[in-house]
Amino acid sequence: MTSKDETKNQIVPLHPIERTLLLSLVHEVDISDHETRISLDTLSKNSSLSLDQIRRGIEWLKAKNLLEVSQNEIKSVELGPEGLRAISEGLPERRLVKSLEESGGRADLSSLKNKLGQDEFSVALGRAKKNDWVEVKGSEVTLRQPQASRKEREEEIIEQIGQKKSIHLDELNPQEKEAISSLMKRHKGLLQEIVQKGVSVRLTEEGRIASRSVNKDEIDEITPDVIVSRSWQGKSLRTIDVSSPAPNLYGGRRHPIRMFIDEVKEAFVSLGFEEIEGTMAQSSLWNFDALFVPQQHPTREMQDTFYVSNATADLSKYSSQVEQIKASHERGESTGSLGWRYKWSEEEARRVVLRTHTTAVTIRYLSEHRPSEARVFCVGKVFRNEKPNYKNLPEFYQIEGVTVGPKLNVRNLIYIISKFYSKLGFEKIKFWPTYFPYTEPSLQTMVYLEKKQRWMELGGMGVFRPEVTVPLGVHNPVLAWGLGMDRLVMLRYDIDDIRELFGANLEWLRKAKVL
Ligand code: PHE
């Protein structure tokens with residue numbers, strides 16, 4: 001046996017739909033290589049499969065090369081209103097015959113005309129004469145027997161359609177077809193033509209082999225019932241092609257940003273930190289003033305900060321802090337500095353902003369707890385009035401935190417931040433001096449992008465100035481940082497445009513790996 005023969009005789013695994021369809025096609029299709037036209041409705045009726053299953057089944061069989069198929073139209077006829085009448089009362093010529101019978105086999109032309117009505121009478125008489133059922137002499141019509149008792153082909157076909165409800169034109173012999181076309185010509189209401197979608201089907205060589213090896217007793221699905229009843233014994237199981245493509249199923253899942261946030265939290269918790277939270281709308285007091293940002297500072301201006309209109313914060317709860325902060329801005333005082341030397345306005349501090357950094361959350365925490373030691377972090381959204389483009393959005397995430405302790409210094413800060421990044425898989429980072437109004441020294445951190453061969457800025461940090469901490473009653477050094485998060489997510493998922501992160505790109509959301 002050659003390998004070609006082997007493949008020919010191999011049993012093709014068939015889905016139950018394919019099996020049922022194949023078997024019902026074998027009934028319809030002449031095995032000796034003829035094409036058969038068949039309507040999908042008929043196939044559906046014969047096989048008890050739904051139209052949809054039939055369509056799919058045909059495609060599958062075609063793909064397996066068991067079937068050759070072409071689409072076509074199948075014409076059939078049904079009875080129209082006149083046709084239905086003909087079933088109960090006969091065609092007009094038959095009705096004429098009946099009238100004649102009633103009047104003893106002969107009648108006057110005008111009385112028949114009266115009975116049948118002018119239109120019907122002329123048709124009926126013409127047909128009856130043509131069929132040789134009647135003879136007309138002068139004004140008298142005589143019935144001819146036995147001719148008039150014989151059914152005409154047109155009458156037979158109408159009865160046939162009446163019984164079957166509809167008849168495929170393809171299934172008729174030439175005489176029947178002729179009768180149908182003559183009926184169609186006679187009166188529009190007699191027959192109605194219906195055009196349906198159908199298929200021309202031809203079983204291929206392989207299809208014929210497959211149809212012979214279809215095992216009706218095959219078990220499709222192993223259910224508990226099949227096992228308990230042992231009905232599987234002596235039967236074969238359906239072969240399943242596990243390599244055939246199946247639709248992907250996408251369940252609900254967390255957004256990649258959410259997954260990353262969890263990872264960030266995990267990293268800080270594992271370093272001994274506790275999470276703190278704060279609201280997105282904050283008073284200027286916590287977003288700016290408590291951080292020793294002077295009230296005329298450019299970052300407070302409208303183009304950077306979203307102010308919440310018609311809202312003022314109630315600072316009465318913080319009256320002692322307000323006093324201290326005011327003193328620190330105006331004169332420095334206990335902080336050992338000269339302050340900014342201007343008239344500080346409480347009204348300005350009451351203005352509500354969408355937090356421009358999460359530092360508002362940590363500073364409020366410090367003022368409420370006045371810790372001598374602490375390790376806390378916060379992950380949240382911040383808002384800045386920036387034009388959206390591939391690297392900036394007006395809202396983004398920050399990873400914020402502080403460590404408070406008696407002997408802490410900037411080296412500890414570098415250590416903590418390096419440790420944090422390495423937990424997230426970013427090893428090559430460096431620190432660079434920079435400026436913030438609230439820290440001294442101030443650093444920024446950068447990560448090296450191997451792929452792009454360049455350094456990218458990640459965020460700022462430093463040791464809070466005494467002008468910030470002393471007025472709040474915190475006397476130990478405070479190491480603080482506020483790092484960008486979105487860029488880390490972009491690096492992780494190899495995304496170049498930040499807008500993709502927040503877009504509704506389902507394809508990406510479904511497929512983004514859990515990294
Ligand atoms: N708040 C700064 C920013 O938004 C980051 C920062 C936080 C810097 C804490 C120093 C200390 O960029």
Side-chain angles (χ1 to χ4, degrees), residues 267-268 271-273 286-294 296-300 304 324-325 328-329 331-341 356-367 370-378 382 384 398-423 426-448 455-485 487-488:
F268 273 116
L271 290 171
F273 282 75
W286 300 121
N287 198 77
F288 296 126
D289 296 284
L291 287 162
F292 200 54
V293 178
Q296 320 73 17
H297 196 281
T299 56
R300 290 208 187 194
D304 284 318
Q324 296 296 321
I325 290 167
S328 167
H329 276 243
R331 305 183 295 278
E333 293 215 329
S334 56
T335 68
S337 110
L338 291 173
W340 293 111
R341 304 272 143 185
T356 61
H357 50 192
T358 34
T359 319
V361 178
T362 41
I363 202 69
R364 189 164 173 174
Y365 166 85
L366 292 180
S367 102
R370 302 164 175 242
S372 54
E373 284 189 44
R375 261 180 261 160
V376 295
F377 76 97
C378 156
V382 301
R384 288 180 200 173
Q398 275 193 331
I399 304 166
E400 189 86 21
V402 289
T403 307
V404 187
K407 290 190 193 118
L408 294 175
N409 60 41
V410 77
R411 294 221 59 85
N412 304 121
L413 178 59
I414 289 175
Y415 176 79
I416 292 168
I417 297 303
S418 311
K419 202 78 192 152
F420 166 69
Y421 279 122
S422 102
K423 277 187 179 282
F426 300 98
E427 301 286 353
K428 199 166 175 183
I429 58 169
K430 70 175 177 184
F431 297 86
W432 209 252
T434 187
Y435 170 79
F436 295 103
Y438 31 94
T439 46
E440 183 57 40
S442 303
L443 301 175
Q444 64 176 342
T445 169
M446 308 217 235
V447 65
Y448 189 69
W455 290 92
M456 186 179 85
E457 203 204 309
L458 286 181
M461 68 196 73
V463 183
F464 274 147
R465 303 171 73 109
E467 288 94 328
V468 173
T469 51
V470 173
L472 302 178
V474 176
H475 297 282
N476 278 337
V478 178
L479 314 178
W481 55 89
L483 314 167
M485 193 188 80
R487 286 185 187 179
L488 295 178

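Note that the numbering runs from 1 along the sequence shown for the chain. Basis for what follows: all heavy atoms, side chains included, without hydrogens, waters or symmetry-related copies.
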Original post:
Looking only at heavy atoms, what is the nearest atom pair of Q398 and R384, with distance?
Top reply: NE2-NH2, 3.6 Å
Subject >> Test item: T445 and W432 side chains (from C-beta on) under 4.5 Å apart, heavy atoms >> reply: no
**OP:** Please report the closest heavy-atom contact between F288 and R300, naming both atoms and the distance.
**Re:** CB-NH2, 3.1 Å
Original post:
Hey, are the side chains of L271 and K423 touching, using non-hydrogen atoms and a 4.5 Å cut-off?
Top reply: yes
**OP:** Would you sort out whether V478 and T362 count as a side chain to side chain contact (heavy atoms under 4.5 Å, CB included), showing the intermediate values?
**Re:** CA-CA 11 Å; V478 178; T362 41; over 6 Å; no
Subject >> Residue pair F431 / M461, side-chain heavy-atom distance below 4.5 Å >> reply: yes
Original post:
Just wondering, do V404 and P477 contact through their side chains at under 4.5 Å, heavy atoms?
Top reply: no
Original post:
Given M456 and M446, is the side chain to side chain contact (heavy atoms under 4.5 Å, CB included) satisfied, shown in steps?
Top reply: CA-CA 5 Å; M456 186 179 85; M446 308 217 235; over 6 Å; no
**OP:** Mark yes when over 12 heavy atoms from residues, nucleotides or ligands other than K430 sit less than 6.0 Å from its NZ; otherwise mark no.
**Re:** yes
Original post:
Are P437 and H297 side-chain neighbours, meaning at least one heavy-atom pair lies under 4.5 Å?
Top reply: yes
Subject >> From CG (L443) to CZ (F436), nearest 0.5 Å >> reply: 9.0 Å
Original post:
If you take all heavy atoms of V410 and P441, which pair is closest and at what distance?
Top reply: CG2-CG, 4.0 Å
Subject >> Plane angle bin for F273 and W481 - parallel if under 30°, tilted between 30 and 60°, otherwise perpendicular >> reply: perpendicular
**OP:** Assess whether side chain to side chain contact (heavy atoms under 4.5 Å, CB included) is satisfied between L366 and F464, documenting all intermediate values.
**Re:** CA-CA 11 Å; L366 292 180; F464 274 147; 4.0 Å; yes
**OP:** State, to 0.1 Å, how close L483 and G460 come at their nearest heavy-atom pair, and which atoms those are.
**Re:** CD2-O, 4.2 Å
**OP:** Taking all non-hydrogen atoms of both residues into account, name the closest pair between S418 and I429 and its distance.
**Re:** CA-CD1, 3.7 Å
Original post:
Using 30° and 60° as the class limits, which term best fits the ring planes of F292 and H329: parallel, tilted or perpendicular?
Top reply: perpendicular
**OP:** Evaluate the side-chain proximity of L291 to W286: yes if any heavy-atom separation is below 4.5 Å, no if none is.
**Re:** no
**OP:** Any chance you could measure I416, atom CD1, to R375, atom CZ, to the nearest 0.5 Å?
**Re:** 7.5 Å
**OP:** Please step through side chain to side chain contact (heavy atoms under 4.5 Å, CB included) for the pair L488 and L458, ending with a clear verdict.
**Re:** CA-CA 8 Å; L488 295 178; L458 286 181; 3.7 Å; yes
**OP:** Check whether any side-chain heavy atom of V447 lies under 4.5 Å from a side-chain heavy atom of Y421, and answer yes or no.
**Re:** no
Subject >> Q444 and T434: side chain donor to acceptor below 3.5 Å >> reply: no
Original post:
Does any donor atom in the side chain of D304 or T356 lie under 3.5 Å from an acceptor atom in the other side chain?
Top reply: no
Subject >> Test item: side-chain donor near acceptor, T335 and E467, under 3.5 Å >> reply: no
**OP:** Spell out, as yes or no, whether a donor-acceptor pair under 3.5 Å connects the side chain of R331 to the backbone of W340.
**Re:** no
Original post:
To the nearest 0.5 Å, how far apart are OG in S328 and CG in D289?
Top reply: 10.0 Å
**OP:** Answer whether the closest heavy-atom distance between the side chains of T403 and N412 falls below 4.5 Å.
**Re:** no
Subject >> Taking every non-hydrogen atom, the tightest pair across V293 and T299 >> reply: CG1-OG1, 4.2 Å
Original post:
Within the distance-only criterion (no hydrogens, no angle test), does the side chain of H357 pair as donor or acceptor with the backbone N or O of G482 below 3.5 angstrom?
Top reply: no
Original post:
Picking from I399, V361, T359, what satisfies side-chain contact (heavy atoms from CB on, under 4.5 Å) with C378?
Top reply: V361
Original post:
Near Y415 OH, under 6.0 Å, is it more than 12 heavy atoms from other residues, nucleotides or ligands?
Top reply: no
Original post:
Hey, is CZ on R341 packed in by over 12 heavy atoms from elsewhere, all under 6.0 Å?
Top reply: yes
